[in-house]
Amino acid sequence: MTPGTPLPPMPPPTASPPSTPHHALPRPQPPRPHHLRPVPAHPPPPHILSLLGTPSDILTTTTSYFSQIHPWMPFISKHRVHTLYLHLPLPSHPDIALLFLAQKLITTLPPKTPLDVRTPLYSATKHFHLEVENSSALSVPTLQAGMLIALYEIGHAIYPAAYLSVGACASPATVSSPLTSHMSKFALLCQAARLLGQVLTYVATEREGETEVEAQLDRTLHSMLKVAMGVKEPDYDQITFIFSALVALHVPTFRLAPTHPIPPPVSPAPSPPANS
C-alpha cells in the first residue's frame, strides 16, 4: 500500500450470538447402558406399583437390602441403584420395578402364624418376573431379580421351585447371539449366575463325601474368573457373580447347621440272676 492511500472501510461488526442463560442449557443425560433401555413391555400393573409403594418406600427397601443382603451376596451395584435406578420412571422400566420388588421380597420375613413362606408378595413377584421375562427383553436387572427370587426359595426350602428359578436364570444364555459383544457378555453373565445357583444349591444340600463336587465348582469358578478378568473390558457384573459364588462356596456360615444324629437306643440292663 502506497503512502497516502486511504484505508479500506472497516467491515461492520457482526452481531455476536445472544448468550444462552445458564438455566436454558440442556441438562446432561445419564448414561444409558444396554440394560437400561426401556423394556418393550407393558408398564407394571397397579398392584405391583402398590406393593412397591412411594419413592420413599422404595428407598427404604433398597437401604434394607444393602444393609442385610448385600454384605454377604454382593452382586448388585449399590452405586448404580442409588445414582441411576432410583431416578428412572418405573412405568418405562418394568425390569427395574421388578428388581426393587425382588429386593423387597428378600428383605421381608414371612409371617410366623401361620408360617407360610409362599406369601402374596412372593406370588406377585414370581408372576411379575414371568411377565417381564415373556416380554423378550433381556436385561441385567431381570436376571438379578431372578437370582433374588431363587435365593429366597433356596433359603426357605421352596423346592422344586428353587431349581426351576435357577434354571430360568441360565436359560437366556441359550438364546443369546455370539455375533454381538453385548449378547455374548450377557451369555457369560448368565453362565456366572447359573454357577452361583449351583453353589447355593450345593451348600444347602451338602452331603458327606461330596468334596469332589466342591472342588469341581471351585475349579470352574476360578477358570471363569481368569477369563473374565483377562479381557480388555472386563464385565464387572459377571465378576461380581463369580466372587459371590466363591464366597458362598468357601465361607463356613453358608453351610447349614448339621442335624444332630439320633442316639442309638439304649439296651436295657440285664436282669439280675434269680436267687436259687
Evaluate W72 against V247 for side-chain contact (heavy atoms from CB on, under 4.5 Å), listing each step before the verdict. CA-CA 8 Å; W72 56 272; V247 171; over 6 Å; no

Candidate pair L101 and L121, rule side-chain contact (heavy atoms from CB on, under 4.5 Å), full reasoning: CA-CA 8 Å; L101 192 65; L121 176 59; 3.8 Å; yes

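Rounding to the nearest 0.5 angstrom, the gap separating the CE atom in M229 from the CD1 atom in I239 is 5.0 Å. Distance check: T125 OG1 to Q103 CD gives 11.5 Å after rounding to the nearest 0.5 Å. Distance check: E214 CD to Y202 OH gives 4.0 Å after rounding to the nearest 0.5 Å. Here the straight-line distance linking atom CG of L99 with atom CD of Q144 works out to 5.5 Å at 0.5 Å rounding. Within the model, atoms CD1 of I106 and OH of Y152 stand 8.0 Å from one another, a figure rounded to the nearest 0.5 Å. For the atom pair T63 OG1 and I58 CD1, the distance stands at 11.5 Å (nearest 0.5 Å).
The stretch residues 105-114 participates, sequence neighbours left out, in no side chain to side chain donor-acceptor pair (under 3.5 Å) pair at all. The salt bridge (charged side-chain N to carboxylate O under 4.0 Å, His left out) analysis of residues 42-59, with sequence neighbours excluded, yields no pairs. Sorted by first and then second residue, the salt bridge (charged side-chain N to carboxylate O under 4.0 Å, His left out) pairs with a member in residues 114-127 read K126-E153; sequence neighbours excluded.
In this structure, the side chain to side chain contact (heavy atoms under 4.5 Å, CB included) partners of S56, at least two apart in sequence or on a different chain, are T54. Applying the side chain to side chain contact (heavy atoms under 4.5 Å, CB included) criterion to H70, with sequence neighbours excluded, gives Y65, F66, P74. By the side-chain hydrogen bond (donor to acceptor under 3.5 Å, both in side chains) test, Q216 is found to be paired with R219, T220, residues two or more places apart in sequence or in another chain being considered. Shown here are the side chain to side chain contact (heavy atoms under 4.5 Å, CB included) partners of D218, two or more places apart in sequence or in another chain: H222, L246, L249, H250. Residues forming a side chain to side chain contact (heavy atoms under 4.5 Å, CB included) with H79 (at least two apart in sequence, or on another chain): S77, T83.
What you find for T119 and P110 is that their closest heavy atoms are CG2-CB, 4.0 Å. Between A228 and I242, the shortest heavy-atom contact is CB-CD1, 4.3 Å. I48 and A124 make their closest contact through CD1-O, 4.1 Å (heavy atoms, listed as atom of the first residue, atom of the second, distance). The two atoms that bring L59 and T62 nearest to each other are O-OG1, 2.8 Å, heavy atoms only. Nearest heavy atom pair, residue F128 against residue P45, reads CE1-CD, 3.9 Å. Residue T61 comes nearest to F100 through the heavy atom pair CG2-O, 3.9 Å, listed as atom of the first residue, atom of the second, then distance.
Grouping the Ile, Leu, Val, Met, Phe, Trp and Tyr side chains by contacts below 4.5 angstrom, directly or via other members, places V227 apart from L217. The cluster map of Ile, Leu, Val, Met, Phe, Trp and Tyr, joined by side-chain heavy atoms under 4.5 Å apart, puts I149 and V117 in the same cluster.
Side chains of F241 and L195 form no contact here, defined as non-hydrogen atoms less than 4.5 Å apart. A heavy-atom distance below 4.5 Å is not found between the side chains of L52 and K104.
The main-chain N or O of S123 is found under 3.5 Å from a side-chain atom of H127 such that the two form a donor-acceptor pair. Although no hydrogens or angles enter the test, the distance criterion places a donor-acceptor pair under 3.5 Å between the side chain of T240 and the main chain of Y236.
Of the N and O atoms on the side chains of D95 and S139, at least one donor lies less than 3.5 Å from an acceptor on the other residue.
Screening V132, I96, L98 for a side-chain contact (heavy atoms from CB on, under 4.5 Å) with P141, the sole residue that qualifies is I96.
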